[in-house]
Amino acid sequence: VQLQASGGGLVQAGGSLRLSCAASGRTFTNWVMGWFRQTPGKERVLVASITWNLGTTYYSDSVKGRFTISRDRAKNMVYLQMESLKPADTAVYYCAAGRTETILRNSPTSWGQGTLVTVSS
């Protein structure tokens, strides 16, 4: 499985960014796609996930109401639309994929490379 993340950058507080993840290498039926983020010295944490089949979503409390995860099954793409960004959202964001239990254990089957999001105050 290959996951290619893109879309990070520098944005002012209150601004928006959209991250994209191109997925390839297998069919993702019954898998979950997730976005994790990591700051220096801390573990990667799940911020949003979506089931490939039904599109069922999950959001961490810290991003609920501001971030939206979506997927395009025809294009094998996963997106994270981030609105009302805060300096606390500054992190390296990683696209990930795997069965549900692997996502929930922070041990997905596949990781993409990270993309840096910096939110200035």
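- Judged by distance alone, the side chain of Tyr59 and the main-chain N or O of Ile69 form a donor-acceptor pair under 3.5 Å.
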Name each donor-acceptor pair under 3.5 Å that joins a side chain in residues 109-119 to protein atoms two or more places apart or in another chain, with its distance.
unit_1	atom_1	unit_2	atom_2	d
Gln113	OE1	Ala5	N	3.2
Gln113	NE2	Ala5	O	2.6
Thr115	OG1	Gly8	N	3.0

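- The side-chain hydrogen bond (donor to acceptor under 3.5 Å, both in side chains) check on Ser6 picks up nothing, with sequence neighbours excluded.
- Counting only residues at least two apart or on different chains, no salt bridge (charged side-chain N to carboxylate O under 4.0 Å, His left out) pair has a member in residues 68-81.
- Applying the salt bridge (charged side-chain N to carboxylate O under 4.0 Å, His left out) test to pairs two or more places apart or on separate chains, none has a residue in residues 97-117.
- Every residue was checked against the side-chain hydrogen bond (donor to acceptor under 3.5 Å, both in side chains) condition with Asn76, not counting sequence neighbours, and none meets it.
- Applying the disulfide bond (SG atoms under 2.5 Å apart) test to residues at least two apart or on different chains, none of the pairs has a partner in residues 23-75.
- Scored by the side-chain hydrogen bond (donor to acceptor under 3.5 Å, both in side chains) test, Arg66 finds Asp89 as partners (sequence neighbours excluded).
- Residues in residues 30-85 take part in no disulfide bond (SG atoms under 2.5 Å apart) pair, two or more places apart or across chains.
- When the side-chain hydrogen bond (donor to acceptor under 3.5 Å, both in side chains) test is applied to Lys64, the partners found at least two apart in sequence or on another chain are Asp61.
- The ring pair (Phe, Tyr, Trp, His ring centres under 6.0 Å) search around Phe28 returns Trp31, Trp52, not counting sequence neighbours.
- Judged as a disulfide bond (SG atoms under 2.5 Å apart), the pairs with a partner in residues 3-51 (not counting sequence neighbours) are, in order, Cys21-Cys95.
- The disulfide bond (SG atoms under 2.5 Å apart) contacts involving residues 37-86 comprise nothing, where partners must be two or more places apart or lie in separate chains.
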